[in-house]
Amino acid sequence: FMQKASYMQVKLIADTIIAKGANIHQQTKQKENLLHIAAKNDKKEVIKYLLEIGVQPWKRDFIGRMPHDYARDSECQRLLKEAILYGELE
């Protein structure tokens, strides 16, 4: 499902989860945030949405890597790097 999910589907799911009290800044034991996980899976639509709602792209995990370090897709890398440079999505 998530491979074919559109931006609007991702937004609807995330908005529902956030409305129920989810912490968008939660980190795993390895210090990964939601962007690390989305980047590892090259989920461009998820990355876009997470950046729009304020998930921090400059957070480093326990080995010092930022989300863009994990993205293999060039568009995902670009989105994450621009968010660090400009502090927002264009």
Side-chain angles (χ1 to χ4, degrees):
F1 166 75
M2 286 305 287
Q3 265 182 322
K4 301 288 184 188
S6 72
Y7 173 83
M8 291 308 295
Q9 289 168 320
V10 169
K11 182 177 180 343
L12 178 62
I13 292 166
D15 284 346
T16 302
I17 293 168
I18 292 166
K20 293 189 180 278
N23 177 359
I24 63 169
H25 302 292
Q26 183 72 34
Q27 291 181 293
T28 67
K29 289 180 182 179
Q30 292 79 30
K31 300 291 187 193
E32 294 176 333
N33 67 16
L34 293 169
L35 280 170
H36 285 91
I37 296 164
K40 284 181 177 183
N41 293 286
D42 288 317
K43 300 295 185 189
K44 183 172 73 171
E45 299 304 324
V46 176
I47 291 168
K48 282 183 188 177
Y49 180 73
L50 294 173
L51 291 171
E52 286 176 5
I53 64 171
V55 178
Q56 300 162 331
W58 54 84
K59 288 289 189 180
R60 296 183 182 272
D61 65 11
F62 77 112
I63 60 172
R65 295 179 93 184
M66 288 187 230
H68 71 80
D69 294 320
Y70 289 105
R72 295 175 305 278
D73 177 78
S74 62
E75 182 67 12
C76 292
Q77 291 173 353
R78 184 190 66 76
L79 285 169
L80 292 161
K81 288 177 180 179
E82 284 182 2
I84 292 169
L85 290 174
Y86 305 116
E88 61 186 34
L89 280 177
E90 295 181 320

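What you see is a predicted model; the values in this text were computed from it and never measured.
- Salt bridge status for R72 with D42: present, with a side-chain N to carboxylate O gap under 4.0 Å.
- The minimum heavy-atom distance between L80 and A71, with the atom names listed, is CD1-CB, 4.4 Å.
- Cluster membership for I24 and V46, using ILVMFWY side-chain heavy atoms within less than 4.5 angstrom, is shared.
- Salt bridge status for E52 with K48: absent, with no side-chain N to carboxylate O gap under 4.0 Å.
- Here K59 contributes atom NZ and L35 contributes atom CG; the two are 11.5 Å apart, rounded to the nearest 0.5 Å.
- The side-chain heavy atoms of R78 and K81, taken from C-beta on, include no pair separated by under 4.5 Å.
- Annotation for A39 and P67: closest pair CB-O, 3.2 Å, computed over non-hydrogen atoms.
- The CD1 atom of I84 sits 9.0 Å away from the CG atom of L51 when rounded to the nearest 0.5 Å.
- Under the 4.5 angstrom side-chain criterion for Ile, Leu, Val, Met, Phe, Trp and Tyr, the cluster partners of I63 are F62, Y70.
- Using a cut-off of 4.0 Å between Lys/Arg side-chain N and Asp/Glu carboxylate O, E32 and R65 are scored as not salt-bridged.
- With values rounded to the nearest 0.5 angstrom, I47 atom CD1 is found 9.0 Å from N41 atom CG.
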Considering only distance and modelled atom types, tabulate donor-acceptor pairs under 3.5 Å from the side chains of residues 16-23, sequence neighbours left out.
unit_1 : atom_1 : unit_2 : atom_2 : d
T16    : OG1    : L12    : O      : 2.8
N23    : OD1    : H25    : N      : 2.8

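- For the atom pair SG (C76) and NZ (K43), the distance works out to 9.5 Å, reported to the nearest 0.5 Å.
- Going from atom CD of Q77 over to atom CD of E82 covers 12.0 Å, rounded to the nearest 0.5 Å.
- Here the straight-line distance linking atom CG of D61 with atom CG of N33 works out to 9.0 Å at 0.5 Å rounding.
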